[in-house]
Amino acid sequence: MKNNTNSESAAFGNPAEGKGSDSLASKYSPTEVEGKWYQYWLDNKLFSSQPDDRQPYTVVIPPPNVTGVLHMGHVLNETIQDILVRHARMEGKNACWVPGTDHASIATEAKVVNRLAEQGIKKADLSREEFLKHAWAWTEEHGGIILKQLRKLGCSCDWDRTAFTMDEVRSESVIKVFVDLYRKGLIYRGVRMVNWDPKALTALSDEEVIYKEEHTKLYYMKYYLAGEFTIKPEDEDGLNVIHKDARGYYAVVATTRPETIMGDVAMCINPNDPKNQWLKGKKVIVPVVGRIIPVIEDDYVDIEFGTGCLKVTPAHDVNDYMLGEKYNLEAIDIFNDDATLSERIAIAQQAALAENCVSNEYIIGLEKYVGIDRFVCRKQIAEDMTEAGLMEKIEDYDNKIGCSERTGVPIEPKLSMQWFLKMEHLANIALSPVMNDDIQFYPAKYKNTYRHWLENIKDWCISRQLWWGHRIPAWYLPAGGFVVAETEDEALQLAREQSGNAQLNLSDLRQDEDALDTWFSSWLWPISLFDGIRNPGNKELKYYYPTADLVTGPDIIFFWVARMIMAGYEYEGTMPFRHVYFTGIVRDKLGRKMSKSLGNSPDPLELIEKFGADGVRMGMMLSAPAGNDILFDESLCEQGRNFNNKIWNAFRLVKGWDINDDKQPESACLATQWFSAKLRLAAEELADDFSKYRLSEALMTVYKLFWDDFCSWYLEMVKPNYADGKAQPVDKATYEATLQFFEILLKMLHPFMPFITEELWQSIYDRKSGESIMRAELHMPSATDDDRRLCADFETVKEVVAAIRAVRSQKNIAPKEKLVLEKIGGQEEAFQCSIIKMANLSAINNVSEKSPASVSFLIGTTEYAVPLGNLIDLDAERKKLENELEHLQGFLASVEKKLSNERFVQNAPAAVVEMERKKQQDTLSKIAAIQETLSAFKG
RNA sequence: GUCGGCAUAGCUCAGCUGGUUAGAGUAUCACCUUGACAUGGUGGGGGUCCUUGGUUCGAGUCCAAGUGUCGACACCA
């Protein structure tokens with residue numbers, strides 16, 4: 001009888017390339033299979049989850065940007081999540097993977113601005129409402145593309161739960177939290193030095209600034225001494241460095257930003273700097289500007305840097321700002337918001353000149369710089385100063401420049417009115433759960449990074465001068481002051497109370513124009529996805545929260561992970577997730593980060609087209625230990641595809657078998673016993689790998705289990721013989737055992753390769769409509785000592801077979817030619833029939849002495865021989881044996897050295913000493929056997 | 001500058017509380033096509049475990065210093 005399978009599957013109907021006698025193609029073609037089963041999973045709602053009495057397993061997706069497209073980083077991240085989710089589901093847990101997208105305030109707004117610019121529309125010409133209309137249109141057009149792409153990858157997200165950080169639930173949650181934190185006194189508004197992005201025209205948080213190494217110049221400028229002064233005789237002590245030229249005495253200030261001299265309000269020296277003692281108490285003239293400024297003294301100044309003279313520009317440098325606060329200096333903001341020079345520079349110059357009469361030789365009218373860009377100005381002013389004799393010298397200088405993460409332009413430190421969140425309390429509640437492993441990081445090394453950040457945390461600037469995002473729920477009163485409220489109505493009521501003016505109308509109030517930092521919504525994600533902010537303690541939240549695993553990149557540990565932990569403890573009193581799996585960065589095989597500009601990032605959808613989603617997933621996972629960077633190479637996907645093909649062909653083999661009612665042959669019976677033990681051992685290994693989040697090792701475990709143990713050993717052992725020009729039938733017991741093994745293997749493989757495993761699982765047995773491997777539970781009995789013993793014995797069998805094959809290979813004996821094996825002085829071999837089959841022997845003879853013309857080898861302490869008659873090359877055999885003897889004698893020497901060392905025998909554990917003694921005995925008997933053979937050759 | 005990680009086969013990495021003369025995958029080489037699969041099979045070669053010291057009966061593993069490399073944070077105007 002022909003075995004009976006459900007043969008409606010798409011991949012079956014394509015016999016085109018098959019060269020076998022059955023209807024299955026010899027190559028697996030994933031394309032149709034993948035589409036078909038994904039639709040099946042959707043149709044049968046197999047991804048969806050509702051609270052029930054099973055144990056929950058929750059994962060929230062790190063929401064990709066709503067307008068983003070799938071890149072290799074996503075493939076890595078989402079594959080890992082899908083593996084974890086599918087694995088948990090098959091463990092019988094109620095797995096829920098919640099998908100969604102992020103509005104990505106600044107990134108999306110930048111894209112919209114660019115698109116509008118292409119159409120000739122300037123953002124500045126639009127009202128807020130008009131702009132938002134465009135932004136929503138863009139979101140609807142591009143939003144969700146990435147979610148569709150995740151389906152191609154096989155992601156088993158509960159799509160009915162798809163959320164967006166700016167949908168109603170999430171928006172209301174953000175506003176509610178803002179109001180709550182404001183009322184707790186944790187949110188405040190004030191003028192501070194912030195990171196200003198002059199291109200996006202918004203403030204940024206410290207985390208959104210990245211430092212880039214750049215080759216710049218260091219400009220040494222002359223600040224001539226002003227007014228009445230004397231150079232005291234003791235200043236001419238040789239320690240002071242006094243500059244003087246035809247115009248007079250001057251100090252030299254080194255700066256990388258000569259244009260900021262327009263905001264100079266003081267010069268600062270270190271009071272302990274011997275070379276600048278002569279400047280104490282003096283006044284100097286700011287070159288070009290003509291303003292006369294005092295020389296102040298502060299320890300902050302580094303004596304070693306430049307000339308030890310620091311120009312103080314409180315409006316444009318964080319440290320200068322602090323000096324300004326300390327010494328009560330004026331801050332002159334010289335820039336417009338877009339970092340062009342402000343007309344204030346000219347006004348300030350006029351005021352300064354009106355106050356003090358300064359010689360024209362130090363001055364250039366600043367009007368010429370008004371309105372030009374900061375970098376153009378830098379170049380210009382440096383040239384002008386050189387020409388005017390105000391520049392001492394210019395040197396090359398390597399500098400690190402803070403740049404905007406999004407727009408890439410250098411950040412301008414700027415004083416401005418912003419909203420801040422106090423972080424001290426939140427950092428306090430978030431630190432210990434990670435340090436004491438309530439929340440576990442994989443790999444744990446990121447605990448350090450985490451602690452360092454929390455211990456040095458600064459307040460979080462949460463306002464952005466953007467429109468795309470959650471608008472800050474603060475309303476300003478006509479007479480000054482503001483109220484913070486969840487709704488306009490509430491705001492009005494509060495405003496009336498606060499102002500004592502009951503006649504106040506909504507139109508009298510003006511809502512803050514700013515939006516909130518994107519991460520101010522992301523940090524609520526694990527809670528807000530279950531509506532836990534608006535609806536605290538609801539059933540879903542109670543069931544799904546805390547979530548199980550978070551999978552994300554270490555680059556957003558501060559942006560996101562740390563802040564989710566803060567919000568989790570602040571709003572739920574417990575962790576948002578129990579484990580954090582940090583992925584590495586996907587690089588190309590040369591180790592370069594994948595980027596659009598380098599063009600070294602493959603398109604994941606093209607890869608899927610080429611290798612199948614299962615192949616790509618496997619390629620990604622093969623080299624992806626947690627936290628290590630992935631050096632991605634297409635050949636890994638090829639390996640994945642090859643593995644798919646191997647699985648496919650193993651299936652083809654089994655499906656092609658005819659079955660009869662014969663008794664199971666002993667070799668098949670033994671093979672079945674062994675493989676069943678092997679499966680239990682492998683299942684334990686797999687569970688261990690998963691428990692440690694060692695997913696690439698888990699994959700390698702199943703890979704080897706399937707390819708080596710199942711295909712190369714088990715199937716080869718049970719495979720019926722070929723006779724009379726065709727394969728013989730297989731007995732029913734073997735066939736059924738094989739199908740059961742196959743099913744277990746498919747389940748083990750499923751989390752990694754969902755599509756092919758579903759395809760085959762559906763085909764090895766008849767399945768009911770709606771059934772799926774996704775929901776098939778995998779429970780393996782734990783391995784016994786007998787299993788371990790059996791598998792260990794079988795390892796010896798493998799060694800014997802390999803040794804015989806090696807003999808064939810060396811002697812050029814065709815695999816088809818049957819050989820005889822002699823076992824010297826041993827007992828009956830338990831796996832005798834397995835060895836006969838796998839090594840293609842005609843017999844195994846137990847003999848007391850081996851045939852004279854034979855090749856012998858040792859497995860353990862047992863000697864085997866293959867009689868070869870005149871094929872034998874005695875010289876070569878002798879040489880080989882002599883080499884082995886030498887090796888064994890060296891080994892023996894090292895063992896005996898240990899054993900003759902009294903301190904070893906005394907100090908080492910008894911078991912270790914015992915082991916060494918056994919090694920000594922074994923080696924001695926091996927040596928004896930070889931010597932005997934060698935002397936037989938001589939005789 | 002401060003702190004941290006890493007350094008094992010050509011490549012990517014395992015190697016747990018120290019205990020066989022160090023493993024895997026891949027690449028490479030040789031041989032093998034009527035038979036599930038050449039996207040395959042069989043066999044082989046390939047290592048100063050970065051260097052130097054130390055602890056120990058014993059070090060790839062622990063300690064110290066150095067070198068290289070990657071990262072985080074801090075920054076010098």
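Keep in mind that this is a model prediction, so the values were computed, not measured.
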Under-3.5 Å donor-acceptor pair between A/Glu716 side chain and B/rA36 base: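 Donor-acceptor pair under 3.5 Å: yes.
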How is A/Gln906 classified with respect to the nucleic acid when contacts are heavy atoms under 4.0 Å: base, sugar-phosphate, or nothing?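 Nothing, no heavy atom under 4.0 Å.
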Which residue lies toward the 5' end of RNA chain B, A/Asn907 or A/Gly308, if each is placed at its nearest nucleotide?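 The residue whose closest nucleotide sits nearer the 5' end is A/Asn907.
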Between [X] and [Y], does any side-chain N to carboxylate O distance fall below 4.0 Å?
X        : Y        : result
A/Lys926 : A/Asp922 : no
A/Lys311 : A/Asp317 : no
A/Glu412 : A/Arg374 : yes

Geometric class of the A/Phe643/A/Trp707 ring pair [parallel <30°, tilted 30-60°, perpendicular >60°]: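 Parallel, since the angle between the ring planes stays under 30°.
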Test side-chain hydrogen bond (donor to acceptor under 3.5 Å, both in side chains) applied to A/Asn628 - qualifying residues, sequence neighbours left out: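 Applying side-chain hydrogen bond (donor to acceptor under 3.5 Å, both in side chains) to A/Asn628 gives none.
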Close residues, residues 913-926 of chain A, relative to RNA chain B [heavy-atom separation under 4.0 Å]: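 Of all residues in residues 913-926 of chain A, the ones placing a heavy atom under 4.0 Å from RNA chain B are A/Lys919.
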Sequence-distant partners of A/Lys719, side-chain contact (heavy atoms from CB on, under 4.5 Å), two or more places apart: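 By the side-chain contact (heavy atoms from CB on, under 4.5 Å) rule, A/Lys719 matches A/Leu653, A/Glu716.
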Side chains of A/Asp206 and A/Asn195: donor-acceptor distance under 3.5 Å anywhere?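 There is such a pair between these side chains.
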Under the rule for ring pair (Phe, Tyr, Trp, His ring centres under 6.0 Å), what residues qualify as partners of A/Tyr864, not counting sequence neighbours?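 For A/Tyr864, the residues satisfying ring pair (Phe, Tyr, Trp, His ring centres under 6.0 Å) (neighbours in sequence not counted) are A/Phe857.
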Between the protein and nucleotides 58-60 of chain B, list the N/O to N/O atom pairs that are separated by less than 3.5 angstrom.
none

Rounded to the Å, how far apart are A/Arg652 CZ and B/rU39 P?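 Between P of B/rU39 and CZ of A/Arg652: 14 Å.
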Starting at the 5' end of RNA chain B, write a dot or bracket for each base, bracketing those in Watson-Crick or G-U wobble pairs whose two distances are under 3.5 Å and using | for partners on another strand. (((((((..((((.....[...)))).(((((.......))))).....(((((..]....))))))))))))....
